[in-house]
Amino acid sequence: MDRTRPNIVMVLADDWGYGDISCLNPASKIPTPCTDALARESMTFTDMHSNSAVCSPTRYGVLTGRYCWRGALKRGVLGGFDDLLIESGRTTVASMLRDVGYRTACIGKWHLGLGWVHAKAPPRNEAGFLPWDDANISIRFDQPLTAGPHTVGFDESLIIPASLDIAPYVYIENGRVIDHPIGRVEASKFPQFWREGSCGWGVQHETSLLEFTRRAEQFITDSARQSPDRPFFLYFPTPSPHAPHVPRKPFRGRSACGVYGDYVVEHDWSVGRVLAALDRNGLTDNTLVIVTSDNGAHMRGSAFDYERDYGHRSNHIYRGQKSDCWDGGHRVPFFARWPGVIKPGTTCDQTSCLTDLLATAAEATGTRLPSDAAEDSVSLLPLWRRDGQASATGTVRNREAVVHHGIDGRFAIRQGRWKLLDCAGSGGWSLPEDSVPPGAPRAQLYDIQADPAEQHNLFDQRPEVVDQLLALLHRYQTQDRSVETA
């Protein structure tokens with residue numbers, strides 16, 4: 001069996017917290033049997049981080065191996081009508097793998113911008129982004145899109161433009177809208193939350209995860225039957241368990257955490273279906289499977305609080321939630337299975353980042369990356385190999401530190417046991433800067449090894465560590481990359 005050209009499947013959940021998975025959090029109110037079974041066959045990373053605490057920038061980093069804040073999007077996320085965020089000509093995981101013979105597919109939530117054809121010039125803000133409300137946007141839904149998954153390396157794609165709570169609600173297949181909007185849906189409140197907007201005739205929020213799961217299964221089966229000698233890359237960014245929390249009837253009441261927990265159960269079922277499709281087609285032994293999340297869970301808001309209402313901590317012991325620079329915003333579950341390479345049932349406590357996919361895929365396939373790619377990506381293969389040795393393909397090497405980024409554009413940096421937040425608040429929704437108590441230190445320093453819940457700010461006690469981390473963060477912000485090429 002050729003271990004240098006494995007099939008690669010990445011399941012990227014949307015707002016799936018570290019504490020939602022029962023094998024990671026014994027106190028979880030949500031059963032996740034399929035993910036638990038995968039963990040027994042995988043290496044579980046206990047210190048894996050998304051490069052951002054929200055979705056669009058994380059997805060950019062996953063596919064490009066580059067921190068998103070180096071490009072156009074400095075804070076927040078895209079809407080459903082924005083232009084493609086990935087720069088023209090930039091190497092992606094999909095384009096690199098396609099160039100070395102892989103069949104590539106993207107199935108699920110995109111949220112990286114698209115090349116819509118506009119009937120008239122749309123309004124833009126000072127940064128060049130479009131409004132989320134489509135009241136003044138005229139899209140030619142009958143025209144093929146000029147940019148999207150089909151222009152950044154994916155042979156096949158079936159996507160929704162953004163989250164299931166952001167218009168337009170349409171399915172797009174291989175660069176064409178397949179269900180033109182025939183009207184609008186009204187806004188819905190939590191937990192079935194979505195915004196008002198244009199909606200295609202074939203889109204039902206409740207069945208979207210089912211539709212994508214079936215298509216992912218079909219892609220795996222088609223690959224095995226139609227091109228058995230050609231490896232494939234399946235990027236499966238699910239819409240779940242992000243709002244709207246819309247579990248289908250078979251999953252309602254399956255958790256002790258309301259409809260959110262039930263939707264996590266359905267997400268877990270989807271993971272199991274993808275793994276079963278690999279088994280049915282005899283592909284398990286030579287397929288690298290990665291199951292993870294784009295950021296931490298959104299565990300509390302103005303209309304809900306899962307810890308208060310159900311005693312469930314979606315982000316486990318970690319402080320904060322989606323949007324925050326605290327670990328609850330970006331420490332994510334991460335399981336990697338590759339039979340014969342990764343020892344089953346193992347754990348890794350190495351601080352790592354989701355930007356590492358590109359360098360990892362390059363090393364796993366013996367591919368040399370161009371010098372202007374994977375600027376913030378390190379191969380995980382040395383951590384996976386049973387002999388502990390890295391293969392010398394000349395991709396990317398050491399990482400000194402990982403940079404975290406909150407929804408407000410605030411930064412944090414982690415090096416070893418130390419973590420510095422270059423802000424007084426959370427960098428997100430939990431504690432905005434204008435809500436920080438008077439007299440609080442202007443930044444935060446935590447010893448993550450001794451204080452993983454980030455309760456004891458050592459900013460005033462360890463000024464030498466603060467200065468060191470600030471200097472390193474500044475260097476990363478002002479130079480083109482955070483890791484060195486081989």
Side-chain angles (χ1 to χ4, degrees), residues 1-13 32-45 62-63 92-108 149 153-158 209-238 267-292 333-346 357-358 360-367 379-381 384-386 391:
M1 186 178 294
D2 184 1
R3 296 287 177 188
T4 64
R5 288 171 61 81
N7 304 309
I8 301 174
V9 174
M10 183 177 195
V11 182
L12 182 69
T32 53
C34 298
T35 307
D36 294 351
L38 173 67
R40 292 192 290 270
E41 301 171 347
S42 304
M43 178 178 285
T44 299
F45 278 64
V62 165
L63 291 180
T92 68
V93 180
S95 67
M96 183 271 292
L97 291 174
R98 185 187 61 185
D99 288 348
V100 296
Y102 275 66
R103 181 182 183 184
T104 58
C106 172
I107 298 169
F154 289 103
D155 298 315
E156 305 171 36
S157 58
L158 177 69
L209 178 58
L210 175 63
E211 298 286 351
F212 289 134
T213 303
R214 286 174 170 169
R215 180 58 73 92
E217 292 176 292
Q218 189 63 53
F219 173 78
I220 291 170
T221 299
D222 289 348
S223 296
R225 293 176 179 175
Q226 298 172 8
S227 51
D229 297 325
R230 184 183 181 191
F232 63 81
F233 169 49
L234 170 59
Y235 172 56
F236 183 31
T238 68
H267 173 82
D268 178 73
W269 164 88
S270 176
V271 171
R273 289 285 292 260
V274 170
L275 299 176
L278 294 172
D279 289 342
R280 284 196 307 273
N281 289 284
L283 299 171
T284 297
D285 284 348
N286 198 35
T287 300
L288 165 61
V289 174
I290 294 172
V291 173
T292 186
F334 187 95
F335 308 95
R337 185 185 76 180
W338 188 0
V341 176
I342 297 174
K343 186 177 180 180
T346 54
L357 177 63
L358 180 50
T360 302
E363 186 164 16
T365 57
T367 306
S379 176
L380 300 174
L381 193 58
W384 291 348
R385 290 170 60 92
R386 289 186 172 187
S391 56

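Counting heavy atoms from C-beta outward, Met43 and Leu380 have side chains that stay 4.5 Å or more apart. Residues Thr35 and Phe335 have side chains in contact (heavy-atom distance under 4.5 Å, counting atoms from C-beta outward). Residues Pro333 and Val291 form no side-chain contact, since every pair of their non-hydrogen atoms from C-beta on lies 4.5 Å or further apart. Inter-residue side-chain proximity for Pro149 and Tyr235 is flagged as unmet; no heavy-atom pair is nearer than 4.5 Å. Residues Val62 and Met10 form a side-chain contact, since some pair of their non-hydrogen atoms from C-beta on lies under 4.5 Å apart.
Between Gln218 atom CD and Glu156 atom CD the span is 10.0 Å, to the nearest 0.5 Å. Atom OG1 of residue Thr367 and atom CG of residue Asp99 lie 9.0 Å apart, to the nearest 0.5 angstrom. Taking CG of Asn281 as the reference point, atom OG1 of Thr221 lies at 4.0 Å (rounded to 0.5 Å). The distance from atom CG of Leu283 to atom CG of Asn7, rounded to the nearest 0.5 Å, is 5.5 Å. Summarising the geometry, atom CG belonging to Leu12 is positioned 10.5 Å from atom CD1 belonging to Ile290; distances are rounded to the nearest 0.5 Å. One finds the CZ atom of Arg5 at 10.0 Å from the CG atom of Asn286 (value rounded to the nearest 0.5 Å).
Distance alone, capped at 3.5 Å, places no donor-acceptor pair between the Arg40 side chain and the Gly345 backbone. No donor-acceptor distance shorter than 3.5 angstrom exists from the side chain of Thr104 to the backbone of Arg98, with no hydrogens or angles considered.
Taking each heavy atom of Ala277 and Ile220 in turn, the nearest pair found is O-CG2, 3.8 Å. In this structure, Thr213 and Ser270 approach most closely via the heavy-atom pair OG1-OG, 2.8 Å. Across every non-hydrogen atom of Phe154 and Leu63, the tightest pair is CZ-CD2, 4.2 Å. A pairwise comparison of heavy atoms in Ile8 and Ala361 identifies CD1-CB, 4.2 Å as the closest pair. Looking at every heavy atom in both residues, Ala39 comes nearest to Thr44 through CB-OG1, 4.0 Å. Residues Pro6 and Pro231 come closest through the heavy atom pair O-CB, 4.2 Å.
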Inset, instruction - Decide yes or no on side-chain contact (heavy atoms from CB on, under 4.5 Å) for Glu211 and Leu158, but give the supporting numbers first. - result: CA-CA 10 Å; Glu211 298 286 351; Leu158 177 69; 5.7 Å; no
Inset, instruction - Take Tyr102 and Asp155 through the side-chain contact (heavy atoms from CB on, under 4.5 Å) test and state the conclusion after the steps. - result: CA-CA 9 Å; Tyr102 275 66; Asp155 298 315; over 6 Å; no
Inset, instruction - Start with the C-alpha distance between Met96 and Thr365, add both sets of side-chain angles, then the distance that settles side-chain contact (heavy atoms from CB on, under 4.5 Å), and finish with yes or no. - result: CA-CA 10 Å; Met96 183 271 292; Thr365 57; 4.3 Å; yes
Inset, instruction - Using the side-chain contact (heavy atoms from CB on, under 4.5 Å) rule, take Val11 and Thr238 through it: C-alpha gap first, then chi angles, then the decisive distance, then the call. - result: CA-CA 7 Å; Val11 182; Thr238 68; 4.1 Å; yes
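Using bins of under 30°, 30° to 60° and over 60° for the plane-to-plane angle, the ring pair Trp338/Trp384 lands in the perpendicular bin. In this structure, Phe334 and Phe45 have perpendicular ring planes: the angle between them is above 60°, well past the 30° mark.
When the side-chain hydrogen bond (donor to acceptor under 3.5 Å, both in side chains) test is applied to Ser223, the partners found at least two apart in sequence or on another chain are Arg103.
The aromatic ring centres of Phe219 and Phe232 sit less than 6.0 Å apart.
Applying the salt bridge (charged side-chain N to carboxylate O under 4.0 Å, His left out) test to residues at least two apart or on different chains, the pairs with a partner in residues 212-225 are Glu173-Arg215, Glu217-Arg273, Glu217-Arg280.
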